[in-house]
Structures are given as C-alpha cells and as structure tokens.
Amino acid sequence: AVILAGLYGKVPEWATVSLANLILLIAHLARIQSLRLDLGKPWRMRWMLAAVLIFMLVFEFLNYGLQDYLLRARLSSATSFGLVTYIVILAWRIGHNENSRSAQWIAGVYALVAMSMLFRFFSIQSTGSSILTDGSTAKVVAFVLLLSSVIGHFGYVGLALDRSMRRELKAAADLARDEENHRLGAQIAQLDRQRSLGEMSASLGHELNQPLTAVLSNAQVAKRGLEMGRFDSEQINEFLDKIIANTKRASQIIERIRGFIRPTTVHRKQVDLNLLIHDVAMLVADEADRNKVALTLPPANQSLSISADPIQISQIILNVIHNAIQAVMQSPLRKISVELTYQDEMAIVRIFDSGPGLAPEVLSQIGKPFFTTKVEGLGMGLSISRSIAEQHGGKLTLANGDNGGAVVTLTLPAITPGVVQ
Ligand code: ADP
C-alpha cells in the first residue's frame with residue numbers, strides 16, 4: 001500500500017488511491033484481529049468484511065461520486081487514526097496483562113502512527129494527491145510508516161515468540177505437576193494401605209493363629225502317636241495332610257497381606273467380585289466383632305466376575321467397610337450389609353450402614369481430597385477409592401439410605417452376564 005501511494009501519478013489512480021487504501025485498511029484490521037486473537041476475543045470475519053465493504057463504498061462515493069478529494073483524504077486519515085488508536089489500546093492492554101515488552105513496543109510505535117494520521121488529518125490542504133506525495137505531511141508520514149513497519153512488525157514477531165514460549169513453559173509446568181500428583185497419589189495410596197494394615201493387624205494375627213495352632217496340635221499328636229508306636233502309616237499320612245493344608249492356608253494369608261501392602265503397578269485380571277468381598281470381610285472380621293457390628297455379606301455361592309486389579313478393588317471395599325464400621329459405632333444399632341447385583345452390564349456393590357448418615361454439608365464435600373470429619377482422619381480414603389473406581393471404568397457414589405445411614409455404591413464393568421447363583 002505504501003509503495004502504491006508513493007507511485008502517485010505514475011500508476012493509474014485506482015491503484016494508487018483505491019487499492020492502496022483497501023490494502024491499508026485490511027492490514028489495520030489484520031493487526032487488530034491478531035491482537036484480539038491474543039486476548040481470546042476475535043472479531044467475526046463476516047463483520048470485518050462488511051466493514052471493509054462499507055468503507056470502500058463510502059470512499060469511492062467521495063472519490064468518483066462527489067469527487068471531493070479533500071473529504072476522501074480526511075476519511076482515510078480519520079479511519080486510519082481510529083483503527084491505529086484501537087491497535088494501541090489493544091497492544092497496551094496485552095502489554096499490561098501479560099507483562100509483554102513486545103506488546104508495549106507495538107503500542108508505542110502505533111501511537112506515533114496514530115499521531116501522524118491526526119497530524120495529516122488537520123494539515124491536508126491540497127487535493128488530488130496521495131499520502132506520500134502531499135508535500136507538507138509526506139516526510140513525517142513516510143518516516144513514521146517506515147518506523148512502524150520495522151519496529152511494529154518486530155513487536156508482532158516478539159509477541160508471537162512470547163506467546164509460544166509461555167505456552168511451552170506452561171506445558172512443562174503442567175507436565176511436572178501431573179507427574180508430581182501422580183507420584184504423590186501413589187505415595188498416599190501406599191500410606192493409606194499401610195495405615196489400614198496397622199489397624200488390621202489384630203484381625204490378621206487372629207486369622208493366622210488358627211492354622212498355626214492347627215499345625216502345631218496336629219504335629220504334636222502325630223509325634224506322640226509315633227513315639228508310642230500307636231499310629232499306622234495311614235493315620236500319620238492323615239495328620240501330615242492336615243499339617244500341609246493348614247500351612248498352605250497360613251501362607252495364603254501372609255501372601256494376601258504382602259500383596260496388599262506391596263506398592264502396586266495396576267495388574268488387571270479376571271476377579272470374582274464376591275470372593276473378593278468375602279476376602280476383605282475376613283480382614284475386618286475381628287474389628288467388626290470387637291465392636292459388636294453385624295456384617296452381612298452377599299451369599300457365598302453368588303459369583304460375578306470383573307476385570308480389575310484385585311488389590312485396588314479390595315482397597316476400595318476395605319475403606320468403605322472401615323468407614324461404615326466407624327459410622328455405626330455412633331449409633332445403638334450396628335449393622336452393615338453388603339449387596340451384590342448386576343444391571344446393564346455393570347456389577348454393583350452396595351454397602352448399607354445403620355450409622356447417622358451424611359449431613360448435607362458433608363455430602364457436598366465428600367470424596368474431595370483431605371476432607372474428613374474425623375480427628376485422626378486423613379480424608380484420602382474416598383478420594384483414592386473414587387479415582388481407582390474411575391480408572392476401572394466405574395464409579396463410587398455416596399448417598400443417604402431410605403432408613404437413615406449411608407449407602408455407598410461401587411459400580412464396575414462386569415464380565416459375566418449377570419449374577420450366577
Ligand atoms: P477418612 O476416613 O480418613 O476421614 P475418607 O475419605 O474415607 O477419609 O472419608 C471422608 C469422610 O466421609 C469421613 O471423614 C466421614 O465424615 C465421611 N464418611 C465416609 N463414609 C461414611 C459413612 N458410611 N457414614 C457417614 N460418614 C461417612
């Protein structure tokens with residue numbers, strides 16, 4: 001546009017005036033749009049085209065219709081002044097918001113351009129000349145346009161660089177935060193498991209005691225029988241079988257504890273959800289007995305398979321039953337029941353308790369990390385459980401039951417079609 005304007009008199013007037021003006025207008029609008037995009041509020045293309053069209057119609061009407069060259073030049077200067085001033089305002093706002101030097105440079109340089117346009121507006125006298133050949137303002141305008149095209153455009157490049165650098169920095173920070181969250185989450189889950197294990201140790205001691213006592217008494221009886229020569233080999237065999245069976249049971253229990261406490265990588269396999277519920281119930285049986293809590297489980301012959309990491313799912317159920325035991329201790333009736341159903345290809349575990357239920361303000365906060373109403377609570381159990389359920393394609397919800405008390409529902413995608421009795 002500037003070159004065309006400079007060639008006034010040497011090329012046809014439609015090129016040096018109309019085309020140059022059109023290009024200049026589009027250039028201003030492109031600069032404005034670029035800044036508005038930066039602010040996240042771009043103008044609609046349709047409106048911009050309409051504005052260009054209206055401007056050109058008015059401009060050509062003055063040019064060819066009225067042949068009022070002074071007014072035409074004033075219109076073009078005033079429009080340029082308005083648009084450039086708007087560029088200054090936008091660039092200033094971005095410079096202020098994002099603390100961007102480049103945007104501040106753009107604002108400064110275009111402020112000069114705006115002033116030169118204003119100067120031209122008031123000083124135009126001759127008619128039928130172009131912006132760069134009009135003697136009185138030509139030098140000023142040419143200098144400012146040159147300055148703006150160098151510094152202004154570097155400003156725009158700088159702004160784009162600023163932006164991409166900021167985006168990269170933000171992406172790096174996000175990544176670091178995700179990794180940190182992941183690591184912390186795993187650590188907290190591990191801590192939570194260890195804490196649960198501490199609370200369960202009484203129950204485990206009790207469980208291990210049974211097979212070990214059986215092993216001891218069987219071995220003692222067999223030894224005495226052998227010493228007294230009263231046992232034949234068949235009887236001895238029987239005692240040895242019992243010893244083997246009880247030793248296996250004890251080592252299974254230990255394996256279960258080891259599996260539970262080990263930091264885990266997710267390990268999915270086909271799991272019988274009912275068996276898993278019964279396994280977990282065994283871990284809390286002693287705690288429930290001690291506190292006189294009646295725990296009702298789904299019938300043992302029921303079976304429903306899911307594809308899941310058994311340790312993680314037992315952690316959810318353990319945590320929910322644990323919370324339920326603590327809740328029912330506050331009420332005279334201490335009942336917890338676990339139900340297992342199948343609906344729409346999902347396995348649904350519902351855990352009802354006869355505790356005080358959940359107050360509305362608690363309900364809205366529940367499951368948020370570190371929300372707890374307990375003096376010694378961590379407030380991580382439900383939030384970890386919820387994310388485990390989600391990782392498995394399911395969900396965990398809490399509500400109040402019809403007869404008071406809380407109902408926790410764990411939904412997980414099932415493998416087998418329906419509950420097999
Ligand atoms: P914590 O047990 O460490 O407090 P949780 O995330 O497991 O952490 O539980 C968060 C809160 O949810 C508990 O402090 C308790 O107020 C509430 N809550 C959980 N389960 C029940 C329940 N069955 N009945 C009543 N309140 C419950």
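Remember, it's 1-based here, ligands and their atoms both numbered in the order they're listed. All values below were derived from every heavy atom in this structure, side-chain atoms included, with hydrogens, water molecules and symmetry-related copies excluded. Worth saying up front: this structure is predicted, and the values here are computed from it rather than measured.
- A salt bridge links Lys223 with Glu227; the closest basic N to acidic carboxylate O contact falls under 4.0 Å.
- Below 4.0 Å from some heavy atom of Asn319 lie the following atoms of ligand 1, by number and element: 7 (O).
- For ligand 1 and Gly357, the ligand atoms under 4.0 Å from any heavy atom of the residue are 25 (C).
- Comparing Val320, Val328, Leu358 by heavy-atom distance to atom 27 (C) of ligand 1, the nearest is Leu358.
- Close approach to Ala406 involves these atoms of ligand 1, each under 4.0 Å from a residue heavy atom: 22 (C), 23 (N), 24 (N).
- Heavy atoms of other residues, nucleotides or ligands lying less than 6.0 angstrom from NE2 of His96 number 12 at most.
- Under the 30°/60° scheme for interplanar angles, the aromatic rings of Tyr86 and Trp43 are found to lie parallel.
- Of the charged side-chain nitrogens involved, none lies within less than 4.0 Å of a carboxylate oxygen, so that Asp162 and Arg166 do not count as a salt-bridged pair.
- The shortest N or O to N or O distance between Leu382 and ligand 1 is under 3.5 Å.
- Residue nearest to atom 23 (N) of ligand 1, selected from Asn323, Asp353, Ile351: Asp353 (by heavy-atom distance).
- With sequence neighbours left out, the side chain to side chain donor-acceptor pair (under 3.5 Å) criterion links Ser18 to Glu60.
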